[in-house]
Amino acid sequence: MSALAKNYNRRKIAFRRGKGSFLYPTNGKKYLDFVQGIAVNSLGHANPDLIRAINNQAKKVWHVSNAFIIPEGEKLAKRLTQKTFADNIIFQNSGTEATEAAIKVAKRYFYSKGKPNKNRILCVKNSFHGRTIAAIFASGSKKMTEGFGPKVGGFDHFRFGNHKSLKKAITNKTAAIMVEPIMGEGGIKVIPDWCLRELRKICNKKKILLILDEVQCGIGRTGKFFAFEYSGVKPDIVPVAKGIGGGFPIGAVLMTKKVASVMVPGTHGSTLGGNPIAMNVGNAVLDQIFKKGFLKNIQKTSKYFHNELNKIKKDYPKLIKEVRGVGLLIGLQLFIDQSKFIQKLQDNKLLTIRAGENVVRILPPLNVKKPEIDLSIKIIRKVCKEFKL
Ligand SMILES: Cc1ncc(COP(=O)(O)O)c(C=O)c1O
């Protein structure tokens, strides 16, 4: 009997080790892991560079308070600002902390400008920004908020893709619009580039901040460092997490100077956020992702992957409704409930994970190799054959 609480519906497998794209269970044959901790292990399991980064730092200093200068964090922040829209960064430990910090920054920005009533955040209904008490009310999902009242105020919602409802929901109290450029948990739903550009225009016109939650779709996952880069927009605030730590817990909120300037001492903090080990690992992850050709290679391999999946879709038009996503953030939307399909993939040694709207989420490491993609295609095709409707 497990002493753990039952808040997860766990599959009955445990792993003794991982290597690259593969996981080795405590008994039985290895699995091709296209979950990778839900888009977390950006460089696969047991990456030697990341192991070195952890070990080296562990021998020096693990943790010091943010009351002191942390050189590894200074370095990571500088590199992120040199390569992105951001001028300043606050480090956290997880995605939900990063989105919470983003919300705080937006509110504090208008407070500091003498507009304390401009404090509401406009989000997509049934989006996902994490599991803290504020983040669940940001999502506006009944399932996530049920039983966690009283309602946390300050959030308004519009329907994904419904521009009328978006425009209607903006008031003079709206401080920021917060969206995921690609809704991960919601079913790998991509906001088209022209829509993101339109959002930016609306924000400029109404003098509201644009928060783009790149916790799942960011850090190279789509073949650009940020998913929003395809659209050319410049956000004000971007929370990230998952892939930046390659499996080590890191969160961060990236900001322009304009908004970051309001975060004066005492406005936000985290005991462990930005600790030396996390920062050293983050730097090692960036060493790989910023390598020449790394992102281009993701674009190339993912194009091949999408093409192969679309061929399967063509052969099984009654089973697969749509191949969704950008780069290596991939969703296979089925016409049927996806849980049996995911189970069958697992029986055939391919690990995937669900998302909303009957979607099977496929999240390989960013350095996935072509033969591994081919192996997954072979397994998916086999399972489709068994499912033929
Ligand atoms: C878009 C998005 N935001 C925030 C979060 C929350 O991240 P974490 O689980 O690290 O708190 C997630 C997690 O899946 C996410 O996909």
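Just so you know, these numbers use all the heavy atoms, side chains as well, and skip hydrogens, waters and symmetry mates. Heads up: numbering here begins at 1 and tracks the sequence. Order of appearance sets the numbers: ligands from 1, and atoms from 1 within every ligand.
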- List, ordered by chain and residue number, the protein residues whose closest non-hydrogen atom lies under 4.0 Å from any atom of ligand 1.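 Contacts of ligand 1 under 4.0 Å: S94, G95, T96, F128, H129, G130, E180, E185, D213, V215, Q216, K242.
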- Task: Please report the closest heavy-atom contact between K19 and P48, naming both atoms and the distance.
- Result: NZ-CD, 4.2 Å
- Less than 4.0 Å between a side-chain N and a carboxylate O, is that true for E180 and K189?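 So K189 does not pair with E180 through a salt bridge.
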- Task: May I ask you to decide whether D315 forms a salt bridge with K385, counting only side-chain N to carboxylate O separations under 4.0 Å?
- Result: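 Result for this pair is no, no salt bridge flagged.
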- Task: Please work out which of the three classes, parallel, tilted or perpendicular, describes the rings of F290 and F225, given edges at 30° and 60°.
- Result: tilted
- Y230 six-ring face occupied by K224 cation (under 6.0 Å, within 45°):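 Yes.
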- Query: Using links of under 4.5 Å between side-chain heavy atoms of ILVMFWY residues, direct or through other members, which residues join F137 in one cluster?
  - Reply: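 Traced through the cluster, F137 reaches I90, I103, V105, Y109, F110, I121, F128, I133, I136, M144, F148, V152, F155, M178, L209, I211, I237, V253, M255, V259, V262, M263.
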